[in-house]
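Have a look at the structure below, then the notes.
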Amino acid sequence: MVEQASALLAGLNPAQAEAVETTEGPVLVVAGPGSGKTRVLTHRIAYLIEERNVLPDQILAVTFTNKAAREMRARVDRLITGGAATGLVMGTFHSLGVRFLRQNPGAVADRLGLLPNFLIYDDSDQLALVKSAITAAGQDPKQLAPRRALSRISAAKGQLLTPSEAQAEAATHDDEVIARIYGRYQSMLRKANAVDFDDLLALPIRLFDESPGVLARYQERYRYILVDEYQDTNRVQYVLVSALSQKWRNLFVVGDPDQSIYGWRQADIRNILDFERDYPDARRIDLELNYRSTARIVAVADRVIRENSQRLDRKLRTENPEGSPVVLRELSDQNHEATFVVSEIRRLMRGQVSSGNDIAVMYRTTAQSRVLEEAFRTSDIPYRIVGGVRFYDRKEVKDVIAVLRLLHNPADDVSLERLIENHPVGRGIGPKALDAVRAWATERGVPTVDGFVALVPGSAPPLGGDSGPTVSGSARSAGQRLGAALAQLRESRGHLTLAALFDEVVERTGYRSAFDDETEEALQRWANVLELRADLERYDIVDPGEALATYLEQVALVSDVDTMADDGRGQVTLITLHSAKGLEFPVVFIAGVEEGLLPISRAVEAEFHDPLPMEEERRLFYVGITRAERLLYLTYAGSRQVYGRYQPGVASRFLASIPQDALQTLTRSFGGRPTSSRLADRVRGDGGGSGGGWSSPMPESAPPPRPEPLPDFAVGQRVFHAKFGEGRIAEVVDRPDDKELAVEFPRHGKKRLMASFARLDIIGES
DNA sequence: GAATGCATGGTTTTT
DNA sequence: CCATGCATTC
């Protein structure tokens, strides 16, 4: 009897279908860029549910960003009959870690000493804490950079070392000092009832060790586990996944060693390279056929990555048309580079590229975004920046959130200090007064805030009968003012919506009045604060008892890519190469392809004793190249401002791997004397896209390449579009090399789309 | 204890 | 260049 092929396998190539159908046992999918791995993941989940009768809540899928999780869930929902896959657990490792901790409040309190209202400390909180830890350990924060200490601590946590284990393993005096600071840091963190990002991964493992019953429950439940971007997992994530999948062993990991770019975050490429050794019965499936990019782009990417020694030998393939050459352009400095990018984008948008959504500008360091943004701001092209300063990282926003955090978790001393330093209500309270109150509170085992509350006349002392901390004169009245404000806010917390609580906070802490002078700048900053209020309003629908907790968790875990909102105006995306992983755009610019930038100077310096950072830089370049579907531009500047000084720029060594015949080189100096014409260029000013005597970078006659073999679209089919959602094909018109479709979308009306560009998924007939 | 002015040094990438 | 941190002064 021939088994009826599932509709979920239709349109998949044999390797993709195999990855979907091999549901039992460990599977490693080595997926090259653009090889349809998201498709495989979503179809596999849908296949498990539809064809193997697996309940959605028996499936666990781990993604790299929350955005990827959201999109994947939406796609799975579309693929399965009868609506949403409720109960399907999908998220990042970190959000999963929180979930495990939240779901077991009893064991977490007993075994890990964390109360249910624990907070997640972000980067700057951690930095503040580690700084105190350095001082507390008798070191000087100026001698030992807190940043460095933090990254060493993070590395230790990433190997699941406790402070005492780190102490035992210390080989040098330096290691020993760090281990001591780590110990201080960790106990301060626990005292603040807070966790850091590393804890979100390490604490669940400790929880599982201490309470095997808890682990057994999860092992029993998650029969099928899928992990995306497996090449970027670290040791702790590996242990977590191994533990969870032990019972059923249906572990499905997808990754590409050539796209491993988080080595600095302890990502361990061996997790993927050694998978077959860890699971000898594993099936390995290679997805090598690229559907995303033109043959030229694929060839360039392949040549660039082949130079690395730390990789599996494989060759990228595509059946796509050749496409246009990759454009390489030298500009005289970073300003001209930015102007070139903007004017070239304007030119493209007058012609074949209809929307800024189809274009991304990528760069190595966030600092580069400033000049680029400036050029976009003075143009009429809409843009958005992913990365840089997050909304929640703005000072004004953090100041207000600090108060909310303190109300949620009174033990949060980092937020208390922030409140005292930045809000008017904290004026008059200096280090001496704070120390006195903290000592008083510590003695009684209560949070420091309670010490301030205890200063208020008439407040019931929490313990014993004393009259609160001994603080003198002016500091005493200031402390009383703070204590009274906090006591009142605590009262309000329970029965107000978050937006109303916000109003109360900015009023009682005097924060609002700090913006009373009506300078342009004060108004702008106050506008940012109000933006936070609008954000809080969205939580008015959440149960008031839960709203604050939910909000604070969301603030801690959202990344920039997650909030990469599309405002419908067709914005060009400005993004770091790291954040761009997993994304794709018809047109990609990579700016600053220079020595010292890409590869970054640190990798150049390390090269002599450690070649790995340089190989990671190359992979980063590879990731950038492979984001492009149709057009790729590479630019570098002959001179670039660094710390306010101009420094000569030299074309990146990575460019030497690109075959000349794949390139359209629009530069005089590349290959010869790289920077000789620098000064002359600057004086002449070759900012404009068509100025300066350069030939047109892209012939208008270039045929639009087809990124993917077109499915057989037919009138009546139900299709899914990333932006417009579900729709029905009303008309199909044959075009050379393409099809023009008229699709009826319930919410957006009828749209005419080119099949090659719209990337529609067929989700059913009629 | 707070405001002002000067020095210093920092940029890799992020959940 | 800029942000942060420290010393000086009030």
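No hydrogens, no waters, no symmetry mates; every other heavy atom, side chains included, goes into these values. So that the names make sense, note that chain A is the first sequence line, chain B the second, and so on, each numbered from 1.
- In this structure, A/Ser579 reaches the sugar-phosphate backbone alone: every heavy-atom distance under 4.0 Å involves primed, P, OP1 or OP2 atoms, never a base.
- The pair A/Glu594-A/Arg364 does not count as a salt bridge, with every side-chain nitrogen at least 4.0 angstrom from each carboxylate oxygen.
- Ion pairing between A/Asp258 and A/Arg311 holds under the 4.0 Å rule for side-chain N and carboxylate O.
- Applying the salt bridge (Lys or Arg N to Asp or Glu O under 4.0 Å) test to residues at least two apart or on different chains, the pairs with a partner in residues 421-437 of chain A are A/Asp435-A/Arg438.
- Among the protein residues, A/Lys131 comes within range of the sugar-phosphate backbone only, with heavy atoms under 4.0 Å from sugar or phosphate atoms but none that close to a base.
- Applying the side-chain hydrogen bond (donor to acceptor under 3.5 Å, both in side chains) rule to A/Glu373 yields the partners A/Tyr383; only residues at least two apart in sequence or on another chain are considered.
- The CE atom of A/Met362 sits 13 Å away from the P atom of B/dT14 (whole-angstrom rounding).
- Note on A/Arg619: nothing from the nucleic acid sits closer than 4.0 angstrom, heavy atoms only.
- Put simply, CD1 on A/Ile205 and CG on A/Asp199 are 11.5 Å apart, with the number rounded to the nearest 0.5 Å.
- Distance check on atom C1': B/dT13 versus C/dT4 gives 22 Å, rounded to whole Å.
- Salt bridge status for A/Asp123 with A/Arg147: present, with a side-chain N to carboxylate O gap under 4.0 Å.
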Atom pairs, protein N/O to nucleotides 2-5 of chain B N/O, distance under 3.5 Å:
{"residue": "B/dA2", "atom": "OP1", "partner": "A/Gly428", "partner atom": "N", "Å": "2.3"}

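- One atom, CG of A/Asn422, and another, P of C/dG5, lie 11 Å apart when rounded to the nearest Å.
- A straight line from CD1 of A/Ile120 to P of B/dT15 spans 14 Å, rounded to a whole angstrom.
- Relative to the ring axis of A/Phe118, A/Arg102 places its NZ or CZ within 45° and under 6.0 Å from the centre.
- Each of B/dT15, B/dT14, B/dT12 was ranked by its minimum atom distance to the side chain of A/Ile600; first place goes to B/dT12.
- Protein atom CD of A/Gln368 is 17 Å distant from nucleotide atom P of C/dC2, rounded to whole Å.
- By the ring pair (Phe, Tyr, Trp, His ring centres under 6.0 Å) test, A/Tyr185 is found to be paired with no residue, residues two or more places apart in sequence or in another chain being considered.
- Using a distance-only test at 3.5 Å, with no hydrogens or angles considered, a donor-acceptor pair links the side chain of A/Ser95 to the main chain of A/Thr92.
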Tabulate atom names and distances for all N/O pairs under 3.5 angstrom spanning the protein and nucleotides 7-9 of chain C.
none

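- An OP1 or OP2 oxygen of B/dT13 is reached within less than 4.0 angstrom by no side-chain nitrogen or oxygen of A/Arg364.
- In the set B/dT14, B/dT15, B/dT12, B/dT15 carries the atom at the smallest distance from any side-chain atom of A/Phe197.
- The shortest distance between the side-chain N/O atoms of A/Lys581 and the OP1/OP2 oxygens of B/dT15 is not below 4.0 Å.
- Atom CG in A/Leu597 sits roughly 12 Å away from atom C1' in B/dT13 (whole-Å rounding).
- Going from atom CZ of A/Arg147 over to atom P of B/dT14 covers 12 Å, rounded to whole Å.
- If you measure from atom CG of A/Leu127 to atom C1' of C/dT4, you get 12 Å, rounded to the nearest angstrom.
- The side chain of A/Thr366 contributes an N or O atom lying less than 4.0 Å from OP1 or OP2 of B/dT13.
- Sorted by residue number, the members of residues 255-267 of chain A with any non-hydrogen atom under 4.0 Å from DNA chain B read A/Tyr262, A/Trp264, A/Arg265.
- In this structure, A/Thr448 contributes its side chain and A/Asp413 its backbone to no donor-acceptor pair below 3.5 Å.
- To the nearest angstrom, C1' of B/dG10 lies 10 Å from CZ of A/Arg602.
- The pair A/Arg653-A/Glu607 meets the salt-bridge criterion, since a charged nitrogen lies less than 4.0 angstrom from a carboxylate oxygen.
- A donor-acceptor contact shorter than 3.5 Å is absent between the side chain of A/Glu616 and the backbone of A/Leu612.
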